[in-house]
Amino acid sequence: ISPMLIGYLGNIVLPARLGEAIRAFLVARREDLVPLQAFGATMLERIVDVVVLALISLVAALVLGMLVGLGAAVLVWAIEFSHEAFGALDRFLGWGKWFILLAIPLALLVSWTLDRRFGPGVASGGVTDTMVAVGLHGGYLPTRLIPTKILATAVTLGAGGSGGREGPIALIGGAIGSSFSRYTGFGQDHVKSLVAAGAGAGVGASFNAPIAGMLFAMEVILRSFSVRHLNAIVITSVIAAVTTQTLVGEEQILTSPAH
């Protein structure tokens, strides 16, 4: 109800003295309306800032999901290529079952060399390094871990080494999230969210299990179910799984080389 209408009703319905009192009160409080207008403008600016930040976070999660999905697809392709390369070498040498005595040490030598040159972290399992980065180093993981970890994992698994994709893809996804958040200028809290989102999305994309990747990111990497991390993790995990499945196909994602 506007002040003019209140004063008008005071004149018509209420006694004259009460109407005069209402008009006097509104006139006396007219100057108080200016700070209220300023407060309203400030609140509107804050709402706009929140909406813009939410949109930026949404776009960042979408882009990160596609990048992690591409990284998971590259890892699958690299492992398949490495397996075929070692198989071709086995057929060329004709050593049969004794070929493993050459393949495994050769793969370990490659991984050790990469770790010495570009490590630490290249020859590690991957999950622990990601947890340490989030918990102790503000989510920092060097960008060089992305190609070197893919190469070391592909050579080791392609040669028939004992291991799997879960740990390496967690580190690869976390490194993609860390690099993306640093290069786009996000704050430290957003960096941790995107690193965890990248790690979880990598696991979910590698095994076509986005819900499992989301829970892995929150329970293992972040060790927190805070709502402020939930949106980025959920969106990134789903987009990464869809991207990898589109590029690789579900059957190849779930198929491992015979050893």
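Numbers here simply count residues along the sequence, with the first being 1.
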query = Stepwise, does the side chain to side chain contact (heavy atoms under 4.5 Å, CB included) test hold for Arg165 with Val76?
reply = CA-CA 9 Å; Arg165 296 197 305 262; Val76 172; 4.2 Å; yes

request  = Begin from the C-alpha positions of Leu58 and Ile235 and carry the test side chain to side chain contact (heavy atoms under 4.5 Å, CB included) through to its verdict.
outcome  = CA-CA 8 Å; Leu58 174 62; Ile235 294 172; 3.3 Å; yes

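Tyr183 and Ile176 are assigned to two separate hydrophobic clusters, defined by single-linkage of ILVMFWY side chains at heavy-atom distances under 4.5 Å. Under the 4.5 Å side-chain heavy-atom criterion for grouping Ile, Leu, Val, Met, Phe, Trp and Tyr, Val203 is not connected to Val132 through any hydrophobic cluster. A single hydrophobic cluster is not seen to contain both Phe81 and Ile146; linkage of ILVMFWY side chains at heavy-atom distances under 4.5 Å, directly or through other members, places them apart. Taking hydrophobic clusters as Ile, Leu, Val, Met, Phe, Trp and Tyr residues chained together by side-chain heavy-atom distances below 4.5 Å, Val68 shares a cluster with Val59. Ile172 and Tyr140 end up in different hydrophobic clusters when Ile, Leu, Val, Met, Phe, Trp and Tyr side chains are linked at under 4.5 Å.
A side-chain donor-acceptor contact under 3.5 Å links Ser178 and Arg182.
The nearest pair of heavy atoms linking Val191 to Gly138 is CG1-O, 3.5 Å. Between Ser111 and Thr156, the shortest heavy-atom distance links the atoms OG-OG1, 2.9 Å. Of all heavy-atom pairs between Leu194 and Ser181, the closest is CD1-CB, 3.5 Å. Shown here for Val195 and Gly139, the closest heavy-atom pair between the two residues is CG2-O, 3.2 Å. The shortest non-hydrogen separation linking Ala72 to Ala205 is CB-CB, 4.0 Å. Across Thr130 and Ala199, no two heavy atoms sit closer than the pair CG2-CB, 4.0 Å.
Atom-to-atom distance recorded for Leu114:CG and Arg116:CZ is 12.5 Å, nearest 0.5 angstrom.
Under the side chain to side chain contact (heavy atoms under 4.5 Å, CB included) test applied with Phe216, the options Ile233, Val127, Leu222, Ile211 reduce to a single match, Val127.
Here the side chain of Ser82 pairs a donor or acceptor atom with the backbone of Ala154 at under 3.5 angstrom.
When side chains are defined from C-beta on, Thr244 does not count as touching Ser206, because their heavy atoms never get closer than 4.5 Å.
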